[in-house]
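The chains referred to below are lettered A, B, ... by the order of the sequence lines, with proteins before strands, and numbering in each begins at 1.
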Amino acid sequence: MELNKNFEHQPAEQKWYSHWMHKQYFKSIPDGREPYTIVMPPPNVTGVLHMGHCLNNTIQDILVRRARMTGKNACWVPGTDHASIATEAKVVAMLRERGITKSSLSRDEFLSYAWEWKEKYGGIILQQLKKLGCSLDWDRTSFTMDKGYYDSVIKIFVSLYNKGVIYRGKRMINWDVKALTALSDEEVIRKETRQKLYHLKYSIEGTKDFIIIATVRPETIMGDTAICVHPEDERYKHLHGKFAFVPLINRRIPIIADDYVTMDFGSGALKVTPAHDINDYTLGQKHHLEVIDVFNDNGTISEAAQIYVGMERFEVRKKIAIELEEKGILLKTEEYTSEVGYSERTDVVVEPRLSLQWWLSMKDISSPALKAVMEEEIKFYPSKFKNVYRHWMENIKDWCISRQLWWGHRIPAWFDINGKFVVAENEAAAVAQFEKEHGITNANLKQDEDCLDTWFSSWLWPFEVFKGYSQPNNEEIKYYYPTNTLVTAPEIIFFWVARMIMAGFEYMDAKPFQEVYFTGIVRDKQGRKMSKSLGNSPDLLALIDLYGADATRFGIMIASPAGNDILFDESALEQGRNFNNKIWNALKLIKMWEGRQAETDADESSFAIDWFGNRLNEVSLEVESMMQQFRLSEALKTVYSLIWDDFCSWYLEWIKPGFEQPINTAVYNKTIGYFTELMQLLHPFMPFVSEEIYHLLQETNEDLCVRQFKTAITPDKTLLEKGLLLKNTISGLRDVRNKQQLKPKESIRLFIQTENKEVFQSIESILSKQINAILIDFTSENVANSFTTVIGKDKFYVVSEQPVDTANQKSDLEKELTHLKGFLLTVEKKLNNEKFVQNAKPEVLGMEQKKKADAETKIKVIEESLANLVN
RNA sequence: GGGAGCAUAGCUCAGCUGGUUUAGAGCAUCUGCCUUACAAGCAGAGGGUCCGCGGUUCGAACCCGUGUGCUCCCA
């Protein structure tokens with residue numbers, strides 16, 4: 001069979017993905033096996049695949065594929081999130097392009113556009129995950145606004161309302177003036193922002209005096225309803241209880257005292273604007289101040305402000321500053337940097353605003369969720385996130401769950417014209433409920449216009465994808481729940497992870513997952529977070545096309561320990577592609593032997609075969625343990641090095657027959673077996689190339705994708721050590737050849753001075769092949785005209801046609817001698833320390849004694865060599 | 001302002017219970033090789049004040065304190 005020069009990823013990816021699908025390997029139905037379940041964090045329905053998804057889903061696929069190969073019934077559930085704000089924003093933008101404004105549409109009209117958009121573009125991301133090789137059970141694809149899921153969200157709202165956990169309340173919220181909706185605290189991004197601090201004069205009633213106020217928001221002065229000073233501030237004690245006038249509009253406001261004020265910030269006097277600042281609001285409530293809202297929903301100035309009505313807030317900031325300056329009220333401005341909140345979705349400055357919203361009381365519902373993580377009923381990897389989690393859960397605030405949007409789950413509250421309301425699953429139930437609660441029959445009710453926060457639906461994800469709430473105790477929920485592993489970004493630990501845990505305990509009476517693996521954040525080479533605005537996010541599909549899905553998976557996994565950010569570097573993908581090529585070439589080599597087998601003497605290769613078999617067992621066990629600890633990056637590195645170094649660089653070279661010579665059939669078959677096992681180990685990480693090679697190695701109807709791992713046995717330590725000795729000896733002697741500037745084709749004669757003659761005899765044939773020696777013999781004394789080297793405790797004399805470079809050799813030996821003597825000194829220092837001998841554990845003591853003996857032997861051997869050199 | 005974390009080779013990171021040959025790997029670098037699987041390769045080599053200072057200990061990259069620098073979260 002003629003093989004291509006390089007592995008061609010594109011045809012292999014297409015062929016194997018559709019083959020796996022055809023065989024329904026990813027499909028899971030409950031059976032007698034132990035389940036292994038992962039629910040995918042649902043991406044936004046309008047999203048496209050980016051680096052974060054790539055990392056996250058590669059990790060999940062590795063875990064799922066490995067589980068599938070170890071006897072588990074693996075079930076990985078895909079799906080998408082309706083993402084109310086993000087999706088609605090996209091639909092609004094799309095409509096704007098067509099010349100349609102949202103306000104000109106009815107709710108139903110808008111929603112039909114939104115659904116049309118969702119059907120057209122929704123779920124592109126799921127198709128992209130197939131390119132990456134993700135082994136998802138596609139029949140289970142869920143969407144947070146599927147009919148059944150939608151109904152469950154509504155029912156849960158009603159249930160929580162009836163339990164008294166959901167309430168309606170006027171609170172200070174974060175208002176997005178562009179999206180025209182409330183935002184939860186988590187949706188607000190704080191950024192250091194350069195601002196100006198304006199110092200303004202407020203005149204004091206009945207005097208010619210004035211008080212100076214420093215503010216970054218002069219456009220809100222029309223909403224001022226007090227001035228506050230610190231009660232102990234000597235500068236202002238005479239003003240307590242007096243009144244001042246708001247500049248420009250001359251409204252009379254009291255001067256109050258409260259120790260909330262920081263005396264040494266600005267002038268020490270604070271303007272209190274309860275409608276537009278959370279702290280001022282609290283202060284206002286304490287002192288019973290009036291609340292004057294000077295903004296409209298969209299961030300323009302309202303009638304209540306009296307001036308600048310209808311103008312945009314930041315425009316007004318500039319204009320009012322000019323007016324205040326002209327009128328002599330603005331004393332000075334300073335540069336000032338502070339943190340300002342921006343909307344995560346629209347990136348506009350968030351306006352604190354008093355608003356009537358729906359709230360979920362978090363205190364009771366959160367306590368089992370906190371306990372479960374603290375007591376490791378749910379384990380976090382890495383565990384440092386436990387602290388973060390605890391800190392948030394212990395200071396948890398009520399959750400604002402209403403959003404002024406249409407795309408989402410509409411709040412099931414029904415109002416009459418007088419503002420009386422009931423909460424019910426549907427209109428008919430509401431009418432009945434209204435009669436019960438308010439004594440009014442056949443009331444004319446209108447449903448709340450608002451939607452629920454997206455996370456109020458996705459917190460049900462781990463059980464509702466199995467209909468655990470809508471069809472309690474069904475076969476699937478009983479089998480798959482609690483799920484096994486959640487793989488997610490630490491950014492959404494509060495948004496989503498914490499709330500899923502709460503919902504799990506509240507509605508399933510059990511945790512939603514056993515363990516959470518937090519991935520890192522993908523950053524670019526300079527350590528910047530990848531984002532659209534920076535344009536530093538590479539086109540993932542282009543990368544997959546170029547390097548292949550396996551190489552992409554390799555590149556993103558090779559340097560990404562759990563919870564650490566990963567610096568994305570395209571050269572890692574290149575390394576992955578080179579790895580593919582390496583494996584491919586190993587296959588080509590073996591394929592060359594396919595038709596060139598004979599019943600020759602296999603003794604020469606027996607050591608290689610025994611050694612590699614043991615090495616394979618050793619690494620299999622290591623990988624298993626790393627996988628259990630979620631050390632995926634290290635596991636991949638280990639497999640990489642097993643294949644590249646141990647298999648290709650050592651094993652294959654050791655068994656390789658001479659030019660055009662046949663290979664022993666038994667050795668050949670053994671090698672095919674080893675290669676197969678290597679591909680199996682690699683498969684979870686790089687599924688396509690491994691499946692392709694598996695099928696090319698030998699004709700089979702089985703697929704690697706579902707091949708079960710055999711149990712690794714404990715390796716033979718002496719054999720492994722012998723392998724190590726062989727490797728070290730070969731490297732050491734190759735170094736001698738290099739230093740002697742011997743060409744590969746120039747052969748040498750080798751004399752070994754050792755106490756372990758039998759060991760070297762058993763590896764002699766491999767050794768001679770690897771260092772191109774025409775003769776290997778043993779000696780008990782110095783060999784004349786040779787280049788001497790000491791490897792471990794053994795001495796090697798290399799005889800070649802080249803003249804021996806004594807000076808070079810001498811300096812090498814001296815360097816080694818200095819090192820050893822220094823080393824011996826530290827060991828002796830320890831051993832001569834009485835306290836060490838008394839306190840150290842016996843095995844440590846023994847080790848030190850062995851170190852000393854070894855070093856002394858080596859020193860002796862080197863000194864002898866040096867003495868011989870002088871002669 | 002409050003809290004958490006990080007600092008080890010040029011880069012990315014291991015180093016898990018303090019002792020495992022005076023610190024390991026991959027990538028990059030350098031030297032030599034187009035050796036009949038692979039130049040996307042082979043063989044070999046060099047490269048370190050384990051951030052600074054102080055302490056605990058027979059013994060510290062690891063534990064404690066402190067300083068510096070960076071990152072993240074919360075207000």
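A gap of 30 Å separates the P atoms of B:rA43 and B:rU49, to the nearest Å.
Side chain A:E653 to base B:rA43: no donor-acceptor pair is found below 3.5 Å. On a pure distance criterion of 3.5 Å, a polar donor-acceptor pair joins the side chain of A:K582 and the base of B:rC38.
You'll find that the side chain of A:Q575 is closest to B:rC27, out of B:rC27, B:rG44, B:rU21. With B:rG41, B:rG19, B:rC16 as the choices, the nucleotide that has an atom nearest any side-chain atom of A:R631 turns out to be B:rC16. Checked against B:rU22, B:rA14, B:rA40, the side chain of A:E634 finds its nearest nucleotide in B:rA14. Considering only side-chain atoms of A:S649, the nucleotide from B:rG26, B:rA43, B:rA40 that sits closest is B:rA43. Of the candidate nucleotides B:rU35, B:rA37, B:rU20, B:rU35 has the atom nearest to the side chain of A:P744. Of the candidate nucleotides B:rA37, B:rU22, B:rA4, B:rA4 has the atom lying nearest to any side-chain atom of A:N387. Of all nucleotides listed (B:rU20, B:rA45, B:rA40), B:rA45 comes nearest to the side chain of A:D735. Side-chain proximity of A:K384 to B:rC42, B:rC27, B:rG5: nearest is B:rG5. The side chain of A:W644 approaches B:rC42 more closely than any other nucleotide in the set B:rU21, B:rG26, B:rC42. Comparing B:rA39, B:rG41, B:rU22 by their nearest atom to the side chain of A:H819 picks out B:rU22.
B:rG2 atom P lies 15 Å from atom CG of A:N395, rounded to whole Å. Distance CG (A:N832) to C1' (B:rG59): 14 Å, rounded to an integer number of Å. One can place CD of A:E394 at 12 Å from P of B:rA4, the figure rounded to the nearest angstrom. Taking atom CG on A:L642 and atom P on B:rA25, their separation rounds to 17 Å, with Å as the unit.
Proximity of A:K829 to the phosphate of B:rG19: no side-chain N or O atom is located under 4.0 Å from OP1 or OP2. Not one side-chain nitrogen or oxygen of A:N738 sits closer than 4.0 Å to the OP1 or OP2 atom of B:rA45. OP1 or OP2 of B:rA75 lies within a sub-4.0 Å distance of a side-chain N or O belonging to A:K397. For A:H391 and B:rA4, the shortest distance from a side-chain N or O to OP1 or OP2 is not below 4.0 Å. When the side-chain nitrogen and oxygen atoms of A:K739 are compared with OP1 and OP2 of B:rU31, none of them lie within a distance under 4.0 Å. In terms of phosphate contacts, A:Y651 brings no side-chain nitrogen or oxygen within less than 4.0 Å of OP1 or OP2 of B:rA37. Between B:rA25 and A:S641, no contact under 4.0 Å exists linking OP1 or OP2 to a side-chain N or O.
Among the atoms of the strands shown, base atoms are found under 4.0 Å from some heavy atom of A:K656. Note on A:V844: a base of the nucleic acid sits closer than 4.0 angstrom, heavy atoms only. Using a 4.0 Å heavy-atom cutoff across all strands shown, A:S571 reaches no nucleic acid atom at all. Among the atoms of the strands shown, base atoms are found under 4.0 Å from some heavy atom of A:K850. If you check every strand for non-hydrogen atoms under 4.0 Å, A:F579 touches nothing. Residue contacts shown for A:R577 include a base, since a base heavy atom lies under 4.0 Å away. Using a 4.0 Å heavy-atom distance criterion, A:N580 is classed as making no nucleic acid contact. Within 4.0 Å (heavy atoms only), A:N581 reaches at least one base atom of the nucleic acid.
If you look at A:F554 and A:F579, their ring centroids are closer than 6.0 Å. In this structure, A:F494 has its ring center no closer than 6.0 Å to that of A:Y389. Taking the six-membered ring for Trp and the full ring otherwise, A:Y517 and A:F630 have centroids separated by under 6.0 Å.
Inspection of the A:T671 and A:Y651 side chains reveals an N or O donor paired with an N or O acceptor under 3.5 Å.
When the options A:K850, A:K851, A:K852 are evaluated for a salt bridge (Lys or Arg N to Asp or Glu O under 4.0 Å) with A:E848, the one that passes is A:K851.
Comparing A:D854 and A:W593, the nucleotide of RNA chain B nearest to each residue sits closer to the 5' end for A:D854. Sequence order on RNA chain B of the closest nucleotides to A:K858 and A:K835 puts A:K858 first from the 5' end.
Salt bridge annotation for A:R615-A:E618: present, with a cationic side-chain nitrogen under 4.0 angstrom from a carboxylate oxygen.
Of the possible donor and acceptor atoms, none in the side chain of A:T789 sits under 3.5 Å from a partner among the backbone N and O of A:F796.
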